[in-house]
Colleague: 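First the structure, which I've put down as structure tokens, then a few questions once you've had a look.
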Amino acid sequence: MEKNIKKCTSLVLVAAMAASLAACGGGGGGTSGGPGGGAGEAADGKVTLRFSWWGGDSRHEATEKAIAAFEAKYPDIHVEPEYGAWSGWEEKQSMNIIGGNAADVLQVNWNWIESYSQGGKNFADLHQYEDVLDLTQFPEDSLAQCEVDGKLMAVPVAITGRLFYWNKTTFDEVGVDLPTDEASLRAAGQAFAAFDNDYYPLALGEYDRMIFLVYYLESKYGKAWVEDNQIQYTEAEIQEALDFITSLEADHVIPTLATLAGDMADSLDKNAKWIDGKYAGILEWDSSASKFQQAIVESTNKPGQEFVIGDFIKLGDHDGGFTKISMGLSVAANSAHPKEAAMLINFLLNDPEGVEICGSERGIPCSAAALKIMDEKDLGDALVKEANAKVTGFCKFPLDPKFEHNDLKANPDGVYYKVFGKLSAGDIDSASAAAELVKGINECMGN
């Protein structure tokens, strides 16, 4: 954490100065209620909250509708939305959190609690607002994973995991079955190459490759990736997994990272090759599936493509992969209106109206009240529901809290990006890549 803070210090100072200038310069309906926290209270007594989140277009649309419903229910509270795509989002928000310029309500990744709460100082203790936020609806073990020294830093939104999705239209066009094991995955690569050299059965970015590496190792060896802050695999085993991923490039199963970079897309769901069916598979979170489905169904060049959930590819005798708290909703510690912020969280996660609008846009809910509403009214994306049931029933390994640390997964300077980038480019061999990966992870974990 200290390393991460030092890395961001100069940028944080810039953010803090910008926040100070904004407070002095005015603009908008309210006055500042703190150094960048709540937007404060306007002259007419109306409270203004800032709410930040990332996601795809469908999540943005649903959340804006939910905000409008919340404002109608609580007319004295106005919510200003701040949202965007994932690319670069964590870097921006980490500076805002550390610099005291965070939105009142924040959608946060689970690992942000460990990375940015500074021992429970940067997020409000939501246990203090149980009069307006019904925490009894959430599993105790999920709440416990969001606590620091007994302080609740976030309310868990959903449990998620990664699984394989395929563009069945493309597979049918190429004339090959959906992959279920290593042999059929490689056979698909050969068939796609013969069909069109620009077509690939699976596309994996740097972070996707890291998750696939862990999936491969856990499937083959049946050990968690990390336990008690220690990597459970030898460099030789990790090298083997890296060789496996490199062989997928050689067999035309996945494009090189240079090929993906050349597509000039901010994210895979916005990549023209995905949208038009040239990339026909992903390894993705169940909570993010809908944006990938929407992209190919609404393709201008090839509309109506079929997006399906695949089997977990058999790579060993064990069920690899992990689940995690997909995200949480937090309140900035310096929010001028933490109670109203907690009310917004409760509306989104527990209130029938908020639940009905948001559906499964942030995954299948942890809230028992939300699950009941969704079951009674048959709400939520059927694909997301099916995927969530499949991944939670299959993946049993835990996620290391440092796995998603920004020092590891940040693009382009995180360890994962550097190692896989150099390996894909042929700048280092798999032995050097394994050593560099282990070294970077151990440094992040303080070992």
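No hydrogens, no waters, no symmetry mates; every other heavy atom, side chains included, goes into these values. The first residue of the sequence shown is numbered 1, and numbering continues consecutively from there. Remember, predicted model here, so these are calculated numbers, not experimental data.
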Colleague: Can you tell me if Thr169 uses its side chain to pair, donor with acceptor, with the backbone of Glu306 under 3.5 Å?
Modeller: yes

Colleague: Quick check, are the ring centers of Tyr216 and Tyr221 under 6.0 angstrom apart?
Modeller: no

Colleague: Does Lys439 come within less than 4.0 Å of Glu443, counting only side-chain N to carboxylate O?
Modeller: yes

Colleague: May I have the list of side-chain donor-acceptor pairs in residues 354-365 shorter than 3.5 Å, sequence neighbours left out?
Modeller:
from, atom 1, to, atom 2, distance (Å)
Glu356, OE1, Lys377, NZ, 3.1
Ser360, OG, Asp381, N, 2.8
Glu361, OE1, Ser58, OG, 2.9
Glu361, OE1, Arg59, N, 3.1
Glu361, OE2, Ser58, OG, 3.4
Arg362, NE, Gln107, OE1, 2.7
Arg362, NH1, Thr63, OG1, 3.0
Arg362, NH2, Thr63, OG1, 3.1
Arg362, NH2, Gln107, OE1, 3.2

Colleague: Looking at every non-hydrogen atom in both residues, tell me the closest pair between Val331 and Ala341 and how far apart they are.
Modeller: CG2-CB, 3.7 Å

Colleague: Keeping the roles fixed (side chain from Asn447, backbone from Asn229), state whether a donor-acceptor pair exists under 3.5 Å.
Modeller: yes

Colleague: Near Lys151 NZ, under 6.0 Å, is it more than 12 heavy atoms from other residues, nucleotides or ligands?
Modeller: no

Colleague: A quick test of your reading: do over 12 heavy atoms of other residues, nucleotides or ligands sit less than 6.0 Å from CG of Asn442?
Modeller: yes

Colleague: Using a distance-only test with no angle check, is there a side-chain donor-acceptor pair under 3.5 angstrom linking Asn167 and Gln305?
Modeller: yes

Colleague: Taking the side chain from Asp208 and the backbone from Ala203, do they hold a donor-acceptor pair closer than 3.5 Å?
Modeller: no

Colleague: May I ask you to test the Lys396-Thr323 pair for a side-chain heavy-atom distance under 4.5 Å?
Modeller: no

Colleague: Does a sphere of radius 6.0 Å around NZ in Lys223 hold more than 12 heavy atoms from other residues, nucleotides or ligands, not counting ones at 6.0 Å or beyond?
Modeller: yes

Colleague: Tell me whether Lys409 forms a cation-pi arrangement with Phe403, defined as NZ or CZ under 6.0 Å from the six-membered ring centre and within 45 degrees of its axis.
Modeller: no

Colleague: Thinking salt bridges, do Asp286 and Lys385 make one under a 4.0 Å N-O criterion?
Modeller: no

Colleague: Salt-bridge test for Asp317 and Lys220: reply yes if a basic N is under 4.0 Å from a carboxylate O, no otherwise.
Modeller: no

Colleague: What I'd like to find out is whether the side chain of Leu408 reaches to under 4.5 Å of the side chain of Ile441, using heavy atoms alone.
Modeller: yes

Colleague: Is it the case that more than 12 heavy atoms not belonging to Lys302 sit under 6.0 Å from its NZ atom?
Modeller: yes

Colleague: Cation-pi check, Lys92 to Trp54: give yes when NZ or CZ is under 6.0 Å from the six-membered ring centre and within 45° of the ring axis, no otherwise.
Modeller: no

Colleague: Assess whether a salt bridge exists between Arg50 and Glu80, defined as any Lys/Arg side-chain N lying under 4.0 Å from an Asp/Glu carboxylate O.
Modeller: no

Colleague: Gln93 and Tyr116: side-chain donor and acceptor closer than 3.5 Å?
Modeller: no

Colleague: Among Trp225, Phe397, Phe164, whose ring-ring contact (aromatic ring centres under 6.0 Å, His included) with Tyr215 holds?
Modeller: Phe164

Colleague: Decide if atom CG of Asp141 counts as having more than 12 heavy atoms of other residues, nucleotides or ligands within a radius under 6.0 Å.
Modeller: yes

Colleague: On a heavy-atom basis, which atom in Ile77 and which in Glu340 lie closest, and how many Å separate them?
Modeller: CD1-CG, 3.6 Å

Colleague: Return yes if a side-chain donor-acceptor contact under 3.5 Å exists between Tyr233 and Glu218, otherwise no.
Modeller: no

Colleague: Using the ring centroid of each side chain, check whether Phe292 and Phe307 are separated by less than 6.0 Å.
Modeller: no

Colleague: Looking at every heavy atom in both Tyr279 and Trp274, which two are closest together, and how far apart are they?
Modeller: O-CE3, 3.1 Å

